[in-house]
Amino acid sequence: MAEEYKALDAADTTQAMVALQEWINGLGILPSTLYREYYNGVNTFCIKCNGGIITDEDITGGLSAEGTFSIYYLTNNTPDSAGQIFKPLNDLAAWFHENGTTGLVLGDRQTPNQIKTIQGPTDLHGQDDDGNTEIFSVFSFTYDEDAK
């Protein structure tokens, strides 16, 4: 029988997305600001939560959790055979791989453990009628939360 997990509540996932957005913006890797949920024009990035689950709970009320998020990049740059259009998201994934969650603060009781790339940069649907291309990568992160 498959193990059942409880979903993280909306407050926990929102708190994590805000912390991730601020942290990633502070890294200075992406060439423009990372916004939450929606783009702010062309050649911008946004982060979207894909949900999260509680993977373990202890008797004192502490827990371990895993969440996934996507970073989308809307650009009017022309895709090329060298993959330069994917460079910002590749650079971010490489930084995560090398540095993990260094400097990430999720909250007073949360300790980030790991961040990893699930899916590298992918063209979502090719160029639209305005010549824009939407690219995304998917990441996962884990953290522990101490009991209240």
Discussion item. Less than 3.5 Å apart, any donor N or O on the side chain of Tyr5 or Glu66 sitting next to an acceptor on the other?
Written reply: no

Looking only at atom types and distance, does a side-chain atom of Thr122 sit under 3.5 Å from a main-chain N or O of Gly120, one as donor and one as acceptor? yes

Would you call the rings of Phe96 and Trp23 parallel, tilted or perpendicular, taking 30° and 60° as the class edges? parallel

Could you check whether any side-chain heavy atom of Ile47 comes within less than 4.5 Å of a side-chain heavy atom of Met17, counting everything from C-beta outward?
yes

Partner of Tyr72 under ring pair (Phe, Tyr, Trp, His ring centres under 6.0 Å), picked from Tyr35, Phe45, Tyr38, Phe136, is Phe136

Without swapping roles, check the side chain of Thr14 against the backbone of Ala11 for a donor-acceptor pair under 3.5 Å. no

d(Thr75 OG1, Asp123 CG) to nearest 0.5 Å is 11.0 Å

Distance col, row Arg36:CZ vs Cys46:SG, nearest 0.5 angstrom, shows 11.5 Å

Here the pair of heavy atoms bringing Ala147 nearest to Gly61 is CB-C, 3.8 Å

Inset, instruction - For Thr44 and Tyr39, indicate whether the former's side chain and the latter's backbone hold a donor-acceptor pair under 3.5 Å. - result: no

* Check: Asn25 side chain, Thr33 main-chain N or O, donor-acceptor pair, under 3.5 Å -> no

Per side-chain contact (heavy atoms from CB on, under 4.5 Å), Tyr73 is matched among Asn43, Leu30, Leu124, Leu92 by Asn43

Heavy-atom closest pair (Pro112 atom, Gln110 atom, distance to 0.1 Å) is CD-O, 3.9 Å

Step-by-step side-chain contact (heavy atoms from CB on, under 4.5 Å) determination, Ile24 to Phe139:
CA-CA 13 Å; Ile24 292 167; Phe139 304 92; over 6 Å; no

Practice prompt. Check whether Ile29 and Val138 end up in the same hydrophobic cluster, where Ile, Leu, Val, Met, Phe, Trp and Tyr are linked by side-chain heavy atoms less than 4.5 Å apart.
Written response: no

Between the NZ atom in Lys87 and the CG atom in Asn77, the distance rounded to the nearest 0.5 Å is 13.0 Å

OG1 of Thr13 to CD1 of Ile53, rounded to nearest 0.5 Å, is 13.0 Å

I'd like to check Asn99 versus Leu27 (side-chain heavy atoms, cut-off strictly below 4.5 Å). Are they in contact?
no

Q.
Contact between Thr55 and Thr142 at the side-chain level, heavy atoms closer than 4.5 Å - yes or no?
A. no

Of all heavy-atom pairs linking Ala7 and Ile54, the shortest is O-CD1, 4.4 Å

### Message
Quick one: does any side-chain atom of Asp130 pair with a main-chain N or O of Asn132 as donor and acceptor, under 3.5 Å?
### Response
no

Rounding to 0.5 Å, atoms CD (Glu145) and CG (Asp108) come to a distance of 10.5 Å

Query - Heavy-atom side-chain contact between Asn90 and Pro121 under 4.5 Å - result: yes

Practice task
Ignoring hydrogens and angles, state whether a donor on the side chain of Asn113 or Asp144 is under 3.5 Å from an acceptor on the partner side chain.
Solution key: yes

In this structure, CG of Leu104 is separated from CZ of Phe141 (nearest 0.5 Å) by 8.5 Å

| said: Using the rule that Ile, Leu, Val, Met, Phe, Trp and Tyr join whenever any side-chain heavy atoms are under 4.5 Å apart, tell me whether Leu74 and Phe69 fall into a single cluster. | reply: no

N/O donor-acceptor pair under 3.5 Å between Glu134 side chain and His125 backbone: no

- [ ] Taking Arg109 for its side chain and Asp146 for its backbone only, find out whether a donor-acceptor pair lies under 3.5 Å.
- [x] yes

